[in-house]
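Right, one structure below, let's go through it.
The analysis underlying the following values was restricted to heavy atoms, covering all of them including side chains, and did not include hydrogens, waters or symmetry mates. Fair warning: this is a prediction, and the values are worked out from it, not measured in the lab.
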Amino acid sequence: MLLFSTEKERLDYVEEHQDLFTVSETFDIEVFSIPSVGLFMATANRDQGSTVYRWTNSRFERYQNISTLDAQAWKFFTVGKEIFLVVANSGSNGGQEVSVIYRWNKRTLRFVVYQKLQTHSARDWEAFHIHNEAFLAVANHRQGEMNHNIDSVIYKWNPNTRSFEVNQTIATSGAYDWEFFTIGPFYFLVVANTFNGKSTVINSTIYIWLGGTFQPFQSIMTTGAIDWEMFQIGNRFFLAVANSQRLDGSGSILYNINSTIYELNMTSQTFVKFQDITTSSALDWEFFTVGDDKFLVVANSYDGNSYSLNSVIYRWQGYERFVPVHTLSTNGCRDWEFFTSSDGSYLISSSARQALSKILRLRTYYQH
């Protein structure tokens, strides 16, 4: 077996594996596994209705339909032994905007409505634990059609009432994404602020957990930020932002702009610019590994003329930083998710332009 231990798995190329036709356009994909049941995926779909799929015979097959209202995102999480899915609904029903937590019923093997929370054009949920306490954070994008400068909310699980209750509100501007991460003993939460009503060139803020609440730690100027992705390479910590569009007082909109990777400088204890990557209305970054190799894939969605664009896989090459290695044709790409199953590694891309998500298989080889 000594011989095998020296072999390294390497990414060779990407191939089509499954075309997944969804009920409508898909804004977000959440892949999760339920112990002793299997691997699942939830799609957040436009209009009324999203779907949970189950991985069966190396394909995703429809498992459960869930009634949603212009769903923007799903988040899977656990509290103790309980399993939950929460949806960010951006649509309203008779003026009421409600996002819903679903609980996994171990008897019927289905998700059932558990708790409803008032949200405002919700774009994302983040779930995390701090000192064995469970939290949820919602990115409230806007209230009504015009007011983007509103509060996003952090909820905390109350074990007595067995429900989530408001723990803290944070002022955000067109919030689109929350990303939670830990570095050593410290807990962080970063928001992607997209638009303040006038401009997309605004601060997005990293918060640090201090004395029972999140306090501002650092603000970073972003340009229509839609997504943050935190990742670690060795003992180095990075944050990548997907910048979607530059809109300021002049009225013109630019889509081909830089998205940026920041690295934590341990001396100054701040994130500093590490690498700019030109993107076309980037909506998502996904970090993944194959063997010892590290990759980032970006969702390029629109260049000002067309939605049919290449999304790109970048490979970490040390001193060269991230270098493009594969270009993947996409149409209005909205989200990338990486997952592994017993038979290999995969990437899924969703489209905000068509009711089709693509599952790609990562073909690998072993190198001595």
Aromatic contact, Tyr314 with Phe322 (centres under 6.0 Å): no

For His141 and His120, I'd like to know if the aromatic rings sit close, meaning centre-to-centre distance below 6.0 Å. no

Using the rule given for ring-ring contact (aromatic ring centres under 6.0 Å, His included), can you reason through Phe164 versus Phe77, listing the C-alpha separation, both sets of side-chain angles and the distance that settles it, and then say yes or no? CA-CA 13 Å; Phe164 282 94; Phe77 65 97; 5.7 Å; yes

Would you say the side-chain atoms of His148 pair up with the backbone N or O of Met146, donor to acceptor, closer than 3.5 Å? yes

Tell me yes or no: between the side chains of Thr330 and Ser349, is some donor less than 3.5 Å from an acceptor? no

Applying side chain to side chain contact (heavy atoms under 4.5 Å, CB included), run through Glu97 and Asn89 and close with a yes or a no. CA-CA 7 Å; Glu97 290 185 57; Asn89 282 326; over 6 Å; no

Whether Phe214 and Phe180 hold their rings parallel, tilted or perpendicular, with breakpoints at 30° and 60°: perpendicular

Test your reading of the model: is there a side-chain donor-acceptor pair from Asn243 to the backbone of Thr222, 3.5 Å cut-off? no

Verdict with supporting geometry, Asn258 and Thr260, side chain to side chain donor-acceptor pair (under 3.5 Å): CA-CA 6 Å; Asn258 284 332; Thr260 305; 5.9 Å; no

Ser90 vs Gln72, side chain to side chain donor-acceptor pair (under 3.5 Å): CA-CA, chis, key distance, verdict: CA-CA 7 Å; Ser90 67; Gln72 297 288 313; 3.3 Å; yes

Backbone N/O of Ile313 and side chain of Arg315: donor-acceptor pair under 3.5 Å: no

Would you confirm whether the ring centroid of Trp178 sits within less than 6.0 angstrom of the ring centroid of Phe128? no

Among side-chain atoms of Ser58 and Asp343, is any donor-acceptor pair under 3.5 angstrom? yes

For the pair Trp209 and Phe135, name the ring-plane relationship: parallel under 30°, tilted 30 to 60°, perpendicular over 60°. perpendicular

Heavy-atom closest contact (Val79 atom, His129 atom, distance): CA-NE2, 4.5 Å

If you measure only the distance, is there a donor-acceptor pair under 3.5 Å linking the side chains of Asn256 and Ser280? yes

Lys NZ or Arg CZ of Arg110 over Tyr63 ring: under 6.0 Å, within 45°: yes

Mind checking whether Val312 and Asn300 have side chains closer than 4.5 Å, heavy atoms only? yes

Within the 6.0 Å centroid threshold, strictly below: Phe40 and Trp104: yes

Going by heavy atoms in the side chains, are Lys156 and Glu165 under 4.5 Å from each other? no

Closer than 3.5 angstrom, by distance alone: can the side chain of Ser301 be matched with the main-chain N or O of Ser281 as a donor-acceptor pair? yes

Exercise: do Thr205 and Ser219 side chains pair donor with acceptor under 3.5 Å: yes

Does this structure show an ion pair linking Glu82 with Arg162, if we count only N-O contacts that are shorter than 4.0 Å? yes

Keeping Thr43 on the side-chain end and Asn45 on the backbone end, is there a donor-acceptor pair under 3.5 Å? no

With a 4.5 Å cut-off on side-chain heavy atoms, are Val241 and Ile220 touching? no

Minimum heavy-atom distance between Asn193 and Ser204, given as atom pair plus value: N-OG, 2.9 Å

Residues, nucleotides or ligands: over 12 heavy atoms within 6.0 Å of Lys106 NZ: yes

Within 45° cone and under 6.0 Å: Arg363 NZ/CZ vs Tyr13 ring: no

Return the orientation label for the Trp157 and Tyr114 ring planes: parallel under 30°, perpendicular over 60°, tilted otherwise. parallel

Over 12 non-hydrogen atoms of neighbours within 6.0 angstrom of CD in Gln367: yes

Quick check, are the ring centers of Phe271 and Phe188 under 6.0 angstrom apart? no

Tyr187 and Thr182: side chain to side chain contact (heavy atoms under 4.5 Å, CB included), yes or no, with the steps? CA-CA 5 Å; Tyr187 301 94; Thr182 61; 3.4 Å; yes

Counting only heavy atoms from other residues, nucleotides and ligands, does the tally under 6.0 Å from CD of Gln317 exceed 12? yes

Thr68 side chain vs Gln48 backbone, donor-acceptor pair below 3.5 Å: no

Between Leu69 and Asn93, is there a side-chain heavy-atom distance shorter than 4.5 Å? yes

Which class fits the ring pair Phe76 and Phe32: parallel under 30°, tilted 30 to 60°, perpendicular over 60°? parallel

Centroid separation under 6.0 Å, is that true for the rings of Tyr53 and Phe339? no

Counting N and O atoms only, with roles assigned by atom type, does the side chain of Thr194 sit under 3.5 Å from a partner on the main chain of Ala225, one being a donor and the other an acceptor? yes

Between Thr26 and Ser350, a side-chain donor and acceptor under 3.5 Å: no

Would you kindly say whether Asn149 and Ser173 are connected by a side-chain donor-acceptor distance under 3.5 Å? yes

Please report the closest heavy-atom contact between Phe60 and Leu20, naming both atoms and the distance. O-CD1, 3.7 Å

Where do Thr364 and Asp12 land on the side chain to side chain donor-acceptor pair (under 3.5 Å) test, with the steps shown first? CA-CA 5 Å; Thr364 61; Asp12 193 5; over 6 Å; no

May I ask you to check whether Phe231 and Phe287 place their ring centres under 6.0 Å from each other? yes

